[in-house]
Amino acid sequence: MHFDLLQSISLAGALSVPNDDRTGSARAHAWVIDGATDLGPPGLVGAQGGAAWLASIAQAAFTASTAETIDTLYAGVAAQILAAWERDRTRDPEDRWEYPLASSLAVRLDGEGLEIGWLGDCVGFHWSAGTVTRLGPQKEIRNSEAERAASLAEHGLGSPKRSAPILANLRSTRGRPGMRVLSVDPEHMAQVDSARIACAPGDEVLLMSDGYAALIDSYAAYDDSALIEAIRARGLAAVGEELRAIEQEDEACTRFPRFKKSDDATALWLRIGG
């Protein structure tokens, strides 16, 4: 079996800010990467922001990989991130909150089915003859972030320039021990969550950063199956326009509490070929 690309899309959260998402596919594996927004100025790894730097390193590693399992795929990506960190950093981080971090979800085809591996909160779906199966983490991660944002609403949500209380709150939870994300801390990448499901030629796979998955996990514009059917009927771009319309109508982030009006939103839509 192999992957055939149907569509991909990556929308920056704001046109004035670099997009920290990445996605791609090879013959038998595919991935999406969601860089965690920097909480300090550039400089840690040169002029490029830490999230964009990490996403670019991981993108190159996923692209070049010839790994034969999902675990060795992630091990190879982790090794390249750590080598690049030693090569590129210009100083020590101010604190753990300054570590470049990213979420990632990857899938890999083998003779027995579809392997799934993830670090962080990217989301995927497998579609087979109308049956939709969620891949990766469950929705509760997004609920927790919305609750944190709501608790800080008085300090101004959605502003490109974060207030001091919001910045302090975000920094307090960033880079903490025990996280499972792509990172420059080996501990963060030591245990990859994984699963395996059956698949067959003709099945479809959708991978998304949490910015695109907000349609189901934050805004409840669709349930899982309805989102997949909307994409299959109208494509990623048309559904992405709905996402941005919801966020534009809630510019103050009051209906859907969140730290940014719009996040980078990336999706990759594949079909399994025989």
Side-chain angles (χ1 to χ4, degrees), residues 5-25 30-60 62-63 98 100-106 120-124 141-142 145-146 149 156-162 166-167 170 174 181-182 206-219 221-222 227 230-231 234-253 255-270:
L5 174 65
L6 297 180
Q7 290 185 349
S8 64
I9 192 170
S10 191
L11 304 170
L15 297 181
S16 60
V17 180
N19 186 340
D20 296 328
D21 284 0
R22 302 289 188 274
T23 191
S25 62
W31 62 91
V32 64
I33 302 161
D34 178 6
T37 303
D38 296 329
L39 300 180
L44 182 62
V45 287
Q48 188 176 32
W53 170 87
L54 180 62
S56 296
I57 297 297
Q59 175 77 354
F62 276 117
T63 300
E98 201 176 14
L101 305 177
S103 295
S104 175
L105 176 70
D121 58 4
C122 293
V123 177
I141 293 175
R142 305 302 302 156
E145 184 172 321
L157 298 175
S159 173
K161 184 175 176 58
R162 295 187 176 94
I166 287 178
L167 186 60
L170 291 172
R174 179 67 63 85
V181 289
L182 294 176
L206 178 69
L207 306 181
M208 299 177 287
S209 66
D210 67 340
Y212 201 99
L215 279 163
I216 48 173
D217 287 351
S218 298
Y219 309 147
Y222 295 94
L227 176 64
I231 289 170
R234 295 186 287 114
L236 293 174
V239 175
E241 289 179 2
E242 292 183 34
L243 168 71
R244 291 304 191 230
I246 291 169
E247 293 166 341
Q248 187 62 41
E249 291 173 2
D250 184 38
E251 189 171 5
C253 304
R255 182 183 178 193
F256 303 110
R258 58 198 188 279
F259 292 111
K260 293 182 287 186
K261 185 182 82 170
S262 293
D263 196 3
D264 300 335
T266 297
L268 178 68
W269 180 19
L270 306 164

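Scanning for side-chain contact (heavy atoms from CB on, under 4.5 Å) contacts around A14 gives S16, V17, with sequence neighbours left out. With sequence neighbours excluded, no residue satisfies side-chain hydrogen bond (donor to acceptor under 3.5 Å, both in side chains) with D38. In terms of the side-chain hydrogen bond (donor to acceptor under 3.5 Å, both in side chains) criterion, S8 has no residue partners (sequence neighbours excluded). A237 is linked by a side-chain contact (heavy atoms from CB on, under 4.5 Å) to I9, counting only residues two or more places apart in sequence or in another chain.
Across every non-hydrogen atom of S10 and N19, the tightest pair is OG-ND2, 2.9 Å. The two residues L236 and W269 make their nearest non-hydrogen contact at CD1-CB, 4.1 Å. Listed here is the closest heavy atom pair of A221 and I246: CB-CD1, 3.8 Å. When all heavy atoms are compared, the tightest approach of D20 to T37 is OD2-CA, 4.5 Å. L182 and S104 make their closest contact through CD1-CB, 3.6 Å (heavy atoms, listed as atom of the first residue, atom of the second, distance). Closest approach of A230 to Y222, counting heavy atoms only: CB-CE2, 3.7 Å.
Here SG of C122 is found 8.5 Å from CD1 of I33. Values are rounded to the nearest 0.5 Å. To the nearest 0.5 Å, the span separating CG on L243 from CG on D263 amounts to 9.5 Å. Atom CG of L5 sits about 5.0 Å away from atom OG of S25, to the nearest 0.5 Å. A distance of 5.5 Å separates CG in D34 from OG in S103, rounded to the nearest 0.5 Å. Atom CG of L270 sits about 7.0 Å away from atom CG of L6, to the nearest 0.5 Å. Of the inter-residue distances, the one linking L215 atom CG with L227 atom CG reads 6.0 Å to the nearest 0.5 angstrom.
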Kindly list each side-chain donor-acceptor pair under 3.5 angstrom involving residues 51-58, sequence neighbours excluded, with atom names and distances?
unit_1: W53; atom_1: NE1; unit_2: D88; atom_2: OD2; d: 2.8
unit_1: S56; atom_1: OG; unit_2: R22; atom_2: NH2; d: 3.1
unit_1: S56; atom_1: OG; unit_2: A52; atom_2: O; d: 2.9

Next on the checklist: side chain to side chain contact (heavy atoms under 4.5 Å, CB included), that's the test. Do Y212 and I231 meet it? Break it down for me.
Outcome noted: CA-CA 12 Å; Y212 201 99; I231 289 170; 4.2 Å; yes
K261/Q248 under side chain to side chain contact (heavy atoms under 4.5 Å, CB included): CA gap, chis, key distance, verdict: CA-CA 8 Å; K261 185 182 82 170; Q248 187 62 41; 3.2 Å; yes
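In this structure a side-chain-to-backbone donor-acceptor pair under 3.5 Å is present from Q59 to T23. Side-chain atoms of D210 do not come within 3.5 Å of backbone N or O of D121 as any donor-acceptor pair. Remark: side-chain polar atoms of S209 are paired, donor with acceptor, to backbone N or O of T266 under 3.5 angstrom.
Between L39 and L167 the shortest side-chain heavy-atom distance falls below 4.5 Å.
Sequence neighbours left out, the pairs with a member in residues 239-249 that pass salt bridge (charged side-chain N to carboxylate O under 4.0 Å, His left out) are R234-E242, R244-E247.
Note: F62 and W31 have parallel aromatic rings, judged against thresholds of 30 and 60 degrees for the angle between ring planes.
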